[in-house]
Amino acid sequence: MQFTAQQIGILLNGIVDGDPEVTVNQLAKIEEASPGSLSFLANMKYEPYLYQTKASIVIVSSDFNPTAPFTSTLIRVKDAYSAFSILLDQYDKFKRDKVGIEDPSFIHPSANLGSDVYVGAFAYIGANVKIGNNSKIYPQVYLGDNVEIGDNSTIFPGVKIYYDCKIGANVTIHSSTVIGSDGFGFAPQADGTYTKVSQIGNVIIEDGVEIGSNTSIDRATMGSTIIRKGVKLDNLIQLAHNVEIGANTVIASQSGVSGSTKIGENCVVGGQVGIVGHISLAKGTQIQGKSGISRSIDEEGTKWAGAPATTYNQHMRTQVVLNRLPELERRIEQLELTLRQKDKE
Amino acid sequence: MQFTAQQIGILLNGIVDGDPEVTVNQLAKIEEASPGSLSFLANMKYEPYLYQTKASIVIVSSDFNPTAPFTSTLIRVKDAYSAFSILLDQYDKFKRDKVGIEDPSFIHPSANLGSDVYVGAFAYIGANVKIGNNSKIYPQVYLGDNVEIGDNSTIFPGVKIYYDCKIGANVTIHSSTVIGSDGFGFAPQADGTYTKVSQIGNVIIEDGVEIGSNTSIDRATMGSTIIRKGVKLDNLIQLAHNVEIGANTVIASQSGVSGSTKIGENCVVGGQVGIVGHISLAKGTQIQGKSGISRSIDEEGTKWAGAPATTYNQHMRTQVVLNRLPELERRIEQLELTLRQKDKE
Amino acid sequence: MQFTAQQIGILLNGIVDGDPEVTVNQLAKIEEASPGSLSFLANMKYEPYLYQTKASIVIVSSDFNPTAPFTSTLIRVKDAYSAFSILLDQYDKFKRDKVGIEDPSFIHPSANLGSDVYVGAFAYIGANVKIGNNSKIYPQVYLGDNVEIGDNSTIFPGVKIYYDCKIGANVTIHSSTVIGSDGFGFAPQADGTYTKVSQIGNVIIEDGVEIGSNTSIDRATMGSTIIRKGVKLDNLIQLAHNVEIGANTVIASQSGVSGSTKIGENCVVGGQVGIVGHISLAKGTQIQGKSGISRSIDEEGTKWAGAPATTYNQHMRTQVVLNRLPELERRIEQLELTLRQKDKE
């Protein structure tokens, strides 16, 4: 996978300024690039790197005017960042361009696979599973009976999806994530033991969702745990039974949402946040990392922090005083002392 | 899997009130049910839903007296909730009714499998492994050498159990959970590096335990990490080497217990709790979510919160004042000002 | 695997004091040992256990002088703890002594395997993968295209390593850990949706690193996420894209490090710590469990605690006063009352 400056210039509809025959075989940041790398310069804050970089090719804007000598071949395009993004996406697609059925894999005779599907070795496709066109099921993935996967979805190695769960189109799920394990439902008995409450619902993941690695999404007790379209979930997240995450909400790593809680659309939840069960968060809520949310948030677009959380502003005010707490105690002691002395006078 | 009201009436020993030929093929909550669903009405708070539901069949108590028109066929039983629970469990069992050895799987010739066992494709059964009767080893599970699994246990896809670990009867372990990985033991050296301390113990999981997905339970350095009977562990939990969890204790998602800590029987630990190593918690201890426990708790049945934790009551009192902290500072300033003015007078 | 006291005496270059024919088949702590166990006594705090233990053999220092009767055969060596450690390591190696290619596994014809390699059943070895001598790839491991593994490394069952990642020599990675999943990078769009930023970098793990189970290490957006030599990572840890962890740094379970953050050498990070993105921590920084680090730490060798973190000493001072907060409020009320009464006088 080696390309000349000329080939890339044609691909990006750009003008080559320098040696058209120089070749590259990787993409790199301008400050880290080695010979054979292609890089870009979009933010002029980084312009000094151009005069030091070892990148063989640098993509720049058509109106860029260098102010010092440099060694790279330039490719001048309308928008350097967009042009580089196109190359990034192409490179990424190339790296993940898998098609066909590897052997051995387990595909139940009743399963229904679309066109141009990839099924990696040791993948398990259960009874009545449906996989859409162009979807990629990597090695060691498990799809239980009746699972459905839409078109253009990518299920990375070792993902486990339990029976009856439904995954939309353009969904990406990273390794070792588990979809549809049992909700944590146990009825306490008089003797201190617990009886399991059967979890017969499923998980529905709508179109355009991306889920990181080692994340757990439990099936509903009855009905569905639902991840709405465009949601982005990071690694090591816990979503309990009957949770619903609104469209285009983003949740960072190691956060957890307890049973039956509904999070609205376009929310942003930081990392290591805990949200209790049976509450709802309004559209556009923002939660700072490490917060604990124990009550519903009804007003849209508000910002929260702390454990237990208060509004972000109140939290910041409290934090500032908190660091002065030992000093406040001394001031109270001083006041008490002063008053006692006054009494003696 | 389609059943008539008459068939279900016979199964539940109930009386059909309505069309005995109407059929259902799924279970649903009364407020979410679509035609073809079977639902139940036990808590009279939900009675209004009966007059709106599209459920084809609703299980009710034998003495239930409707007060408005409705379209469902009723099945009258002694206890509607119990009857529905029976159906849930039956449905759940049906969905998980796997038996036989799928191909290809890896079963060491020295392994010993009980009767009516399921071994899914790509499962790995090491040397001298013993699996009890009616146990289910789903696809892509790994059982290292000398692992023992009791009767009626279910090991879901992708669980990894390292060598020498012992799993009891009626145990359920969900996907991607790891049992018996090395404890985190390293001896610091003078040059700043660490030398590994070999971890040669194992993990023992007693009867009736359920463990969620993506949970990690480390093997003991020597001896055993022990999960006593009836314990329920949620997803993404960390139990370090030589930990012991007492019978019927429940731990919610994303909590962690450090090395050699002993948790008593019938404790309840919330989510995202951290518990330091080498301490013990008395029987019946309750820990609120997100707490940090850094000392042993000796008194039975107490309730703790906060990080570092105090008693629940003290924590709540402190929290209340905490939110008034900026106000307290202003009151101290006011007192100081008043006293200075008095001095001037 | 049964050994006589005489055999062990020869192995450890020790003197047998008691029955040379007594046999052992396991290692155990002196306070937990059953007949057939070999144990050791190094710390004289544990001497009383010698007079109660059921261990068949106990390793002691050559100058040890018993003060009461006991039943075990002693083996006298120069340093009892070191001698026992040697046995531990031998036992551990014996338990993990796997070599050869199990069937079925998937090994791309272009892959390059060193000598004495183990590849377990259902392992997937992609195109151009290189595996060094004596390395062990356990069952159900996934190594994507172009992955490199150095000599003497152990990749436990179910680990997933995405394409282009580089793993050094003497590395151990435990089950279900994921190396090289996509960084969490999404560009917000005007309509509230997000566009994925392609993640084309990789992960580099240097020599002597150990990583626990269910840990997630994301690939860099561009360039590399880097884990330097000798780093020890526990279970369920999150390391985001472009993170760099310095040599010999230790991170405990369930901690998370956000994108592009650099942690220095010889740091110690407790469990459930959260560290924000784009900061750096100086060499030798120590972070208490459950802390939240939101700013760079520039001074070497400092200790931090709390969320948001302050220096450990300040944190402890604040915590002490925090528990007196309700009392402080009452004292302020009393001061206000006293002053009001003074005013009336």
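The chains referred to below are lettered A, B, ... by the order of the sequence lines, with proteins before strands, and numbering in each begins at 1. Fair warning: this is a prediction, and the values are worked out from it, not measured in the lab.
- The contact between Val268(A) and chain C is made entirely by side chain atoms (from C-beta outward), counting heavy-atom distances below 4.5 Å.
- Contact tally against chain C (heavy-atom pairs below 4.5 Å) for Asp89(A), Val231(A), Asp103(A), Asn235(A): the top residue is Asn235(A).
- Heavy-atom contacts from other residues, nucleotides or ligands closer than 6.0 Å to NZ of Lys283(A) number 12 or fewer.
- At a threshold of 4.0 Å, the pair Asp145(C)-Lys95(A) does not count as salt-bridged, since none of the basic side-chain nitrogens sits closer than that to a carboxylate oxygen.
- Side-chain contact between Gln272(C) and Gln272(A) is absent, with no heavy atoms from C-beta onward closer than 4.5 Å.
- Taking all atoms of both residues into account, the shortest heavy-atom contact from Pro326(A) to Val321(C) is CA-CG2, 3.9 Å.
- Using the six-membered ring where Trp is involved, Tyr142(C) and Tyr138(A) have ring planes that are perpendicular, over 60° apart on the 30 and 60° scheme.
- Counting only heavy atoms from C-beta outward, the side chains of Leu322(A) and Leu322(C) approach each other to under 4.5 Å.
- Pairs passing the salt bridge (charged side-chain N to carboxylate O under 4.0 Å, His left out) check and including a residue from residues 175-186 of chain C, sequence neighbours excluded, read Arg96(A)-Asp182(C), Asp182(C)-Lys196(C).
- Contacts of Lys29(A) classified as salt bridge (charged side-chain N to carboxylate O under 4.0 Å, His left out), with partners at least two apart in sequence or in another chain: none.
- Heavy atoms of Thr195(C) lying under 4.5 Å from chain A are absent altogether.
- Phe40(A) CZ to Met222(C) CE: the interatomic distance, rounded to the nearest 0.5 Å, is 5.0 Å.
- Highest contact tally toward chain C, considering only Arg324(A), Gln319(A), Gln254(A), Lys342(A), is held by Gln254(A) [criterion: heavy-atom pairs under 4.5 Å].
- Heavy atoms from other residues, nucleotides or ligands lying under 6.0 Å from OH of Tyr194(C) number more than 12.
- Nearest heavy-atom pair across Phe184(C) and Asp234(A) is CE1-N, 3.4 Å.
- Taking the side chain as every heavy atom from C-beta outward, Pro104(C) and Pro104(A) approach each other to under 4.5 Å.
- Considering only heavy atoms from C-beta on, Lys160(C) comes within 4.5 Å of Gln140(A) through its side chain.
- In this model, a donor atom of one side chain and an acceptor atom of the other lie less than 3.5 Å apart for Ser213(A) and Ser216(C).
- Across all non-hydrogen atoms, the minimal contact from Ile237(C) to Leu236(A) is O-CD1, 3.5 Å.
- If you tally non-hydrogen atom pairs under 4.5 Å between each of Lys93(A), Glu32(A), Glu102(A) and chain C, the highest count goes to Glu102(A).
- For the atom pair CG of Asn323(A) and OG1 of Thr318(C), the computed distance is 6.0 Å after rounding to the nearest 0.5 Å.
- Chain A forms the most heavy-atom pairs under 4.5 Å with one residue out of Asn146(C), Asp164(C), Val320(C), Leu325(C), and that residue is Asp164(C).
- A 4.5 Å side-chain heavy-atom check between Val250(A) and Phe186(C) finds every atom pair outside the cut-off.
- No side-chain donor-acceptor contact under 3.5 Å links Asp92(A) to the backbone of Ser198(C).
- Using a 4.5 Å heavy-atom cut-off against chain A, the contacting residues of residues 309-317 of chain C are Thr310(C), Gln314(C), Arg317(C).
- Other residues, nucleotides and ligands place more than 12 heavy atoms under 6.0 Å from the NZ atom of Lys262(C).
- Within the 4.5 angstrom heavy-atom criterion, no atom of Glu265(A) approaches chain C.
- Contacts between residues 118-131 of chain C and chain A, defined by a heavy-atom separation under 4.5 Å, are made by Phe122(C), Ala123(C), Tyr124(C).
- Residue Lys232(A) touches chain C through both its backbone and its side chain, counting heavy-atom pairs closer than 4.5 Å.
- Between chain A and the options Asn214(C), Thr221(C), Thr177(C), the largest number of non-hydrogen pairs under 4.5 Å is found for Asn214(C).
- Side chains of Thr193(C) and Asn248(A): a donor-acceptor N/O pair is absent below 3.5 angstrom, by distance only.
- Glu327(A) does not touch chain C: none of its heavy atoms, backbone or side chain, sits under 4.5 Å away.
- Contacts of Val273(C) with chain A are made by backbone atoms alone, with heavy-atom separations under 4.5 Å and no side-chain atom involved.
- Here the straight-line distance linking atom CD of Glu333(A) with atom CG of Leu328(C) works out to 8.5 Å at 0.5 Å rounding.
- Using a 4.5 Å cut-off between heavy atoms, Gln334(C) makes no contact with chain A at all.
- For a residue to count as touching a neighbouring chain, one of its non-hydrogen atoms must lie under 4.5 Å from one of that chain's; by this rule Pro157(A) touches chain C with backbone and side chain alike.
- Of the listed residues (Gly183(C), Gly158(C), Ser181(C), Gly144(C)), the greatest number of heavy-atom pairs within a distance under 4.5 Å of chain A belongs to Ser181(C).
- For Thr215(C), the part lying near chain A is the backbone, with the side chain staying farther off; criterion is any non-hydrogen pair under 4.5 Å.
- Proximity to chain A is absent for every atom of Val159(C), based on heavy atoms less than 4.5 angstrom apart.
- Rounding to the nearest 0.5 Å gives a distance of 11.5 Å between CD1 of Ile332(A) and CZ of Arg330(C).
- Distance alone, capped at 3.5 Å, is enough to place a donor-acceptor pair between the Tyr162(C) side chain and the Ser175(A) backbone.
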